[in-house]
There are 2 protein chains.
Amino acid sequence: MQERIQKIKDQLHAASYKLTPQREATVIVLLENEADHLSAEDVYLKVKEKAPEIGLATVYRTLELLAELKVVDKINFGDGVARFDLRKEGAEHFHHHLVCMECGAVDEIEEDLLGEVELKVERDYNFKIMDHRLTFHGICHRCQR
Amino acid sequence: MQERIQKIKDQLHAASYKLTPQREATVIVLLENEADHLSAEDVYLKVKEKAPEIGLATVYRTLELLAELKVVDKINFGDGVARFDLRKEGAEHFHHHLVCMECGAVDEIEEDLLGEVELKVERDYNFKIMDHRLTFHGICHRCQR
DNA sequence: TTCGATGCAAACCATTTGCATTAAC
DNA sequence: GTTAATGCAAATGGTTTGCATCGAA
């Protein structure tokens, strides 16, 4: 974990930002909840447990900053709240999501399933793809009975 | 156009809702702007041209109703506003979008590119897919110089 | 007449912003 | 010491809701 924090610190410095205690606390919460898709409010509450003096605005600003640096991805599953997802080590593509319509769980697909599809889109539509968002809505394996 | 309105009217009746003048005006605006991805506010302004007495809340309620009946799809490109997209005649899948990061244009991909990908996801992740959302972010053919 | 639908205004709630204070190099 | 970062509270803006009124079967 230390080296991931160090790496993020380097990224911040490279863009001439500092890793303040508040930012570090936010990053730690994200690392500790890597499997989840926390909203800004969720992050705020968890950060507050360790650093009670932090303000909600700071969390918003930090998350926006991290999104700008591509440390996290900001996603929106249509429920009116933005969620933040730590980008995996070295992953340059956005991962896909499986949203369960029954229990609300959000699982991730790590592998990139869109390689061929993207080639086709770039060719057929003359569109230069920089990023993608793919979400499946359905019933997760746990809810299938 | 008449028969599309009639069809929507039938869908409403089947769910025991009425096609009121306000709802009809809203549907007409959607049909007339099928290529666009209007926000609720956009729809409201256009409906107001023909039916100036309509209220914004009614437009919101109508759009929500149409989304519930799967006449329109509610989409979110991450800019804090929901957009509404008429579902094509008989299309049971959600179509894909190309969002240009330069000019903001949103183009559509009618064909379903995810057939094989979905088979793989259902098999490998044991997830029953009901719907999907796929958006590519990049540079559209018009902005490529 | 009855119940859903409408319009208006107020309420909501996630997110952003202004500003005075604080802290890092 | 200078400049960025923070915390608080107020502002913003899209969306929802309460409620009295209206309208169609």
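Heavy-atom basis, side chains included; hydrogens, waters and symmetry copies ignored. Chain A is the first sequence line, chain B the second, and so forth, proteins listed ahead of strands; every chain is numbered from 1.
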Expressed as a whole number of angstroms, how long is the span from B:Y17:OH to D:dA25:P? 18 Å
Heavy-atom pair with the smallest gap, counting every atom of A:D124 and B:E111: OD2-OE2, 4.5 Å
Which parts of residues 18-26 of chain B get close to DNA chain D, meaning a heavy atom less than 4.0 angstrom away? none
Extract, from 5' to 3' on DNA chain C, the first and final nucleotides lying under 4.0 angstrom from some heavy atom of chain A. C:dA14 to C:dG18
Between A:L98 and A:I139, is there a shared hydrophobic cluster once you connect ILVMFWY residues whose side-chain heavy atoms come closer than 4.5 Å? no
Residues 95-107 of chain A vs salt bridge (charged side-chain N to carboxylate O under 4.0 Å, His left out), sequence neighbours excluded, gives A:D107-A:R142
Whole Å only: how far is the NE2 atom of A:H13 from the P atom of D:dA5? 10 Å
Please list each protein N or O that sits under 3.5 Å from an N or O in nucleotides 11-15 of chain D, with the distance.
from: D:dT15; atom 1: OP1; to: B:A82; atom 2: N; distance (Å): 2.9
from: D:dT15; atom 1: OP2; to: B:Y60; atom 2: OH; distance (Å): 2.5
from: D:dT15; atom 1: O5'; to: B:Y60; atom 2: OH; distance (Å): 3.2

Answer yes if the side chains of B:H95 and B:D85 hold a donor-acceptor pair under 3.5 Å, and no otherwise. yes
Categorize B:E53 for me: base, sugar-phosphate, or nothing, with a 4.0 angstrom heavy-atom threshold over every strand shown. sugar-phosphate
Closest non-hydrogen atoms of B:Y44 and B:I54, given as atom of the first, atom of the second and distance, are CE1-O, 3.6 Å
Residues 8-37 of chain B vs salt bridge (charged side-chain N to carboxylate O under 4.0 Å, His left out), sequence neighbours excluded, gives B:R4-B:E34, B:E32-B:K50
Near B:K48 NZ, under 6.0 Å, is it more than 12 heavy atoms from other residues, nucleotides or ligands? yes
Indicate, with yes or no, if A:M101 and B:L114 share a hydrophobic cluster defined by side-chain heavy-atom contacts under 4.5 Å among Ile, Leu, Val, Met, Phe, Trp and Tyr. no
Side-chain donor or acceptor of A:E108 paired with backbone N/O of A:A35 under 3.5 Å: no
Is there a path of hydrophobic side-chain contacts, each under 4.5 Å between heavy atoms of I/L/V/M/F/W/Y residues, joining B:L38 to B:L31? yes
Estimate the overall bend of the helix from C:dT1-D:dA25 to C:dC25-D:dG1 from the end axes over five pairs each, rounded to 10 degrees. 20°
Using every non-hydrogen atom in the two residues, find where A:V59 and A:A40 come nearest and quote the distance to one decimal. CG1-O, 3.8 Å
Please state whether the rings of B:H132 and B:H96 are parallel, tilted or perpendicular, taking 30° and 60° as the class boundaries. tilted
Is the A:F77 to A:H97 ring centre distance short of 6.0 Å? yes
